[in-house]
Amino acid sequence: MHTSSDTRKKLSQHPIFAKLKSWESFLIFMTAGVFIANSLASPYFLDPWNLSDATFNFTEKAIVALPLALLIICREIDLSIASIIALASVTMGFCAEAGLGTPWIVLAGLTTGALCGAFNGWLVTRFDIPSIVVTIGTMSLFRGLTYVLLGDTALKNYPAEFDFFGQGYVYSVLSFEFSLFMLLAVVFYLLLHRSTFGRRTYAIGNNPTAAFYSGVNVARHKMTLFILVGLFCGIASVMLTSRLGSTRPTIALGWELSIITMVVLGGVNILGGSGSISGVIIAVFLMGLVTFGLGLLNVPGIVMSIIIGAMLIGVIAAPILLKRMRLGAGRA
Amino acid sequence: MNALFKRRETLLAIVIIAMVAAIATVTPEFIAPSNLLAAYTDTSILIILAMGQMLVIVTRAIDLSVAATVALTGMVMAMVNTQMPELPLIALLPLGIALGLVLGLVNGLLVWKLGIPAIVVTLGTMSIYRGLVFLISDGAWVNAHEMTASFIDLPRSSFLGIQGFAWVSILVIALTYVFVNKRQVGRELFAAGNNPTAAFYTGIDVGRSQFIAFAVSGMLAGVCGYLWVARYAVAYVDVALGFELQVIAACVIGGVSIAGGIASVTGCLLGALFLGVINNALPVIDVSPFWQMAISGAVIVIAVVANTHAERKSGRIILRSAVVGNH
Amino acid sequence: DDVRIGLVVKALGIGFFEAAAEGAEEAAKELGGVEVIYTGPTTTTAEGQIEVINSLIAQRVDAIAVSANDTDALVPTLKKAQQRGIKVISWDSGVAVEGRSVHLNPSSNALIGEMNIKLADEAVKATGSSNGQIAILSATPTSTNQNIWIEEMKKVLPNYSNLELVTTVYGDDLADKSYRETQGLLKSYPNLKAIVAPTSVGIVAAAQAVQDAGKIGQVFVTGLGLPSELAGHVDSGAVKSFAIWNPIDLGYAATMISYNLVKGNATATEVSMGRMGSAMLDSDGSAAMAEPFIYNASNVKEFAEIF
Amino acid sequence: MSVTKPLVSLRGISKFFPGVKALDRVELDLYPGEVVALVGENGAGKSTLVKILTGIYQPDAGHIEYDGAAVRLSTPDKARALGITAIHQETVLFDELSVTENIFVGQYIKHGVFGNLDWRSMHSKAAKILADIEAPISPDTLLRDLSIGQRHMVAIARALSFDARIVVLDEPTAALSQHEIQELYAIVERLKNQGCAIMFISHKFDEIFRISDRYTVFRDGTFVEQGLIRDINESRLIKLMVGRNVDQLFPKKTIDLGPPVLSVENYSHPTEFDSISFTLRKGEILGFYGLVGAGRTELMQSIFGVTQLASGTIRIHGQVIDVTSPQSAIAQGIVYVPEERQAQGAVIDLPIVENISLPQLKTVSRAGFIDNTAEYELAEVYATRLRVKAPNWYETVENLSGGNQQKVVIAKWLATKPSVVILDEPTKGIDIGSKAAVHEFMSELVEQGLSVIMVSSELPEVMGMSDRIVVMHEGLCALELERADFSAERIVAAASGGSHSL
Ligand SMILES: Nc1ncnc2c1ncn2[C@@H]1O[C@H](COP(=O)(O)OP(=O)(O)OP(=O)(O)O)[C@@H](O)[C@H]1O
Ligand SMILES: Nc1ncnc2c1ncn2[C@@H]1O[C@H](COP(=O)(O)OP(=O)(O)OP(=O)(O)O)[C@@H](O)[C@H]1O
Ligand SMILES: [Mg+2]
Ligand SMILES: [Mg+2]
């Protein structure tokens, strides 16, 4: 028998600690750098209200990024997320139109999201089609349905209490959206890194066949993840719809790529098998800070996208180059 | 070459013909030869890009930056044309193709030499290339009257009643066919995507194959940059925005396996034509514009599901009785 | 301190708005002590505009003048701006009343609708027949001002019994989609005489499509567009005439109004627009500028140099 | 005969992989017109040498002489240009390409000034080669439609498709039927007569003595001895190979068999196997023998719930059970150690601990959250028991040697306290020391009251370890023998469809 300190010492040999340290410290370092640069570049940056306002620009995306990170670790992807957000918003709009109360509206949004996710998951697991292919299709399908349902009209009869989700504050400058995101981030940290669910996610992502042979129900697990992503699109949709106070078919257009960028920037391997929630959270802040900082300098969004694109490649390339340099130095 | 491919492609061809026939019952004019030709001409750019994308996907990579490459090369060519109207097209066209090639090479090098997954590389370059369009143009449009007449007219001029756009796509299809079926480099793309280890054992450099595929895809995107700008006689930042997904969808419908190694020129062409027919028919048969996107989305989903059914393996079949019973 | 005015447009890189920004600069120079921050999202989305507005709020600008991508979606953010003491006006494409204090229409919507139909009538007559079919090519189905104008066009249509409106299609302000929709129109309605595109992207693409279909003289394209973008198509004959208000004047006026609001030089019914005179505000705080100006072969070259 | 000079000589070749010395200053000579048998235990470095000789790997030390001159084989192309060709142990071919293309990929025949591919020549040449080796395969079928044996014939055809001077055969007969093996011998004979130098790798001694002229022995990556086959006998060759006597290779213990634990009745699959019935008793080792592709794996995977198309009855301790997925099989106490260790057995990027706990995360977690201590202790108990060699239990499985990877997989299953363990080719790719350990371990398992099904293609192993043997042929049960009646001839005959089976 071992003493517990002995075991604890052995537990600390867990490779996850080593991996976490390198990638995350790299991202934190960059984030800190951007933070300092922003404070120097703009006198408006270090203002609690401004920082709080800035979080609105990325919180909804970040909320979807959490389950999407798990899905990508599990070797799948969902390109239809933005369209799910839109479709969920439309059902909420119709519920509001019908005079239903806020709880019903929210429920409708979440249900729509989960159903769309389930549809994706069904196509992927039932027919064994790569999810990138399936969700290219459902991306148009879901978005198309919003046009079918709404046409050129907008839905905006949301009850006053509904405003809270996207515009309310919990405590002083702390918005409801942002607090919810932080809470969910903790939940997802535990889910991925501490729970059996997370362990299965990694196992499937690394080797679906071996996981299946080890008694993991791979299809059900993937299905759950797709539904979870859909559900979180529903949550994001509640907040975005509330923040905009209205629904149009174009809502959240083009968000899928920025959400996927967040996840990849956070160190999640797009080919599955590895990644961490803390990485994704730091990447969310990194992207938020970069865009907000550049926004304060009135840099056009498309120029920001050049920077984000370069950052994406650079951040993925850096460890590879570093490793190669180290190897080269070792050989010499 | 093999029965399965033939079956899938015939199926797709039948579906397309059935679709055209169905459209014709609503709007008979649609099947007038001139009209079908116009629909083909309209699909030319999609076909050309799908050919390039097919080569990339067959090596187990993906190119999300094609549309941005189209926009960037198109803008550069339009700007050069307006700044230096005296520069003949014979010099301008190679410039655009070369630029497309360079953009493709950048993707290819990052994938080959750094081993970054293609989807990440092209997700990044997609933003970068499109951002560059904005930077070089300052967001301004280049309009029809600023371009020279020959710049706009060249791909519109007809030969044997067929417009330049269509001729270019026919040429690209033919060249791709030869490249894929008659050239060693082209065949090696398939081997590399089908089984990278085995490819390595037979002396094929898988990274280099991906690099070549990206180069070709970039070059074809360069061609399309010109065709696009000339066709709509305008260049601006959002040219071909989101078009990469159409291109990938065309490949997927055409039976190109996203897992690499499986593709055919015919399939890919049919996939592009399929989307082309839908794009061209929906406005004509007076489908509510609000239905168009949902219909094409549903059609993609259905096509993809149908495709996997055709592809499904029948199992190993060890039993003799089962083999006999199967025939 | 300088008065800082954020001029937010639907998307950067659209010629019309670039011209408006010029007008804004002109107003700034005239006023002195005014800084104009010309900004906007990359694509015409409400979310993108909100991000831009948020960063303007963070910079504590004095006023925001916005041409909105969505009437309603911007309201919560603009309300927040107003709570932080920022004056908000909308121009060109409006925001719901709660989100702004003044809205400056480039012209009255009724006038624009009527103008478009009048142009269509001229276009049909130009084909040599006194009556015929027309179609509308719009931008996105959600575009606020497009939809209002189409409404207004339908209102005056009964006065033109010689015109038959066959359909409305949407080109989403994308050149290729507009082009393809136009091709569709030409195929589905062989007797079509005129296409009215009250959008600068759509009108260009439609003109090109008509030219490519070899239908110049049979079908004319008209609507709202910029002289610089349409000069070539007037040359080719695909476009006989089209209209637009002067975007420079519009940007100028929007800046003037913003400035006067910041300085408190406005009443509930009237606010000065510098050289453009005074804007008369109705009960909703809306004002309209002048009648759109018509361009054709006689003057398009001259204005193409300007915007 | 042996007056000839070597065509190729490998001198002082070393090759290191992270943590493994695969080859350490080995020597090898190949002579024109002669067959050299390279023998050595699993993991002795034979295939590594093949890869060096074909330009796939670069040696870390040493050099290669070809026709007396030093050459560098920096790519597979270079080796091929010198006429070196190999049939690799794993068939490295292209599923989605045609047979013709598989034969010619990388060395296409071209024609015309532009160098376009000449499919017509390739097809006809492929058809001719296939006819020559009596392989009834149409050149334009897709490879994925062929059986494993046919694929091997394609690999052979590929090796013969150009003027080879050196032909390497790395365990070519493992997947071939008796007829195909005879055909292969004929091919080797022909190549010899053409003056080719041949290197032949096999674990089957009858083959080695039948076709080889010389032998070279490796042990643990080092060169041991070379010589003429006619100067050596089988037992000495084995001794050279293993370094000790091998009498106690199969530590089979006699155990009193208990009541039936698992009984399978009339178990059928629409396409893969039919009317399979057998009973497994407590404490019994039941061997399943057959040629590759006989359907044993399919059968076992079906019993384990991987595929759900089979019909028939499965009883555990007399109770009829319904296995619909691996989870349900595990819950019934049936576990399966798959044949493909890396693809199906272990999640090689995860640590040992996480691999062992994967099938029973529930038992090491509370309310869905993993109790790291409990998990660690579970893993430690079983990893220690199986003597897994690793720096610590959080080492990723990828960094372990093949044998240790296999042990992790077995540890994972033992940790679930099963009553039936199915081992599919448990010693495939395992070195001789570990092999004995696995055999010992099987004995231990049955001593503890478990029952074992062992699928194996190695006749000595099946005969050495089993209490009873079931022989399968083309998806059918061809023969069932009690230990007392074991006869190598009958078993082999039944496996290859011999007439006097059953
Ligand atoms: N790519 C590799 N990376 C790391 N280790 C390797 C690699 N290839 C082989 N090895 C190791 O090198 C040693 C020799 O392997 P090799 O495949 O040459 O053996 P072999 O003699 O062919 O065995 P077998 O009879 O099982 O085929 C083994 O310990 C193996 O684990
Ligand atoms: N023609 C084939 N195509 C695809 N996979 C095959 C083929 N032949 C064999 N396999 C694979 O090899 C494995 C073994 O198959 P099978 O059950 O037929 O043989 P077996 O009798 O177990 O022989 P062995 O285990 O010795 O290979 C299967 O899991 C299967 O995936
Ligand atoms: Mg070997
Ligand atoms: Mg097997």
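Per chain, numbering begins at 1; letters A, B, ... match sequence-line order. Below, each value reflects all heavy atoms present in this structure, side chains not excepted, and no hydrogens, waters or symmetry copies.
Heavy-atom distances place both the backbone and the side chain of A/Ile313 under 4.5 Å from chain B. Neither the backbone nor the side chain of A/Leu150 has a heavy atom closer than 4.5 Å to any heavy atom of chain B. Proximity to chain A is absent for every atom of B/Val133, based on heavy atoms less than 4.5 angstrom apart. In this structure, chain A has heavy atoms under 4.5 Å from both the backbone and the side chain of B/Val120. A/Ile308 does not touch chain B: none of its heavy atoms, backbone or side chain, sits under 4.5 Å away. When heavy atoms are compared at a cutoff of 4.5 Å, B/Ile119 approaches chain A solely by way of its side chain, counted from C-beta outward. Of the atoms belonging to B/Ile258, it is side-chain heavy atoms, and not backbone ones, that fall under 4.5 Å from chain A. Only the side chain of B/Ile62 comes within less than 4.5 Å of a heavy atom of chain A; its backbone N, CA, C and O stay farther away. With a 4.5 Å cut-off on non-hydrogen atoms, B/Ile248 touches chain A through its side chain but not through its backbone.
Among A/Ile260, A/Asn269, A/Ile320, the residue making the largest number of heavy-atom pairs under 4.5 Å with chain B is A/Ile320. Per-residue heavy-atom pair counts under 4.5 Å with chain A were compared for B/Val299, B/Ile300, B/Ile116, and the maximum is reached by B/Ile116. For chain A, the option among B/Ala249, B/Ala294, B/Gly115, B/Pro117 with the highest count of heavy-atom pairs below 4.5 Å is B/Ala294.
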Next item on the list: Applying side-chain contact (heavy atoms from CB on, under 4.5 Å), run through A/Ile136 and B/Val252 and close with a yes or a no.
Entry: CA-CA 10 Å; A/Ile136 281 178; B/Val252 164; 5.7 Å; no

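Residues A/Ala317 and B/Leu114 share a closest heavy-atom pair of CB-CD1, 3.6 Å.
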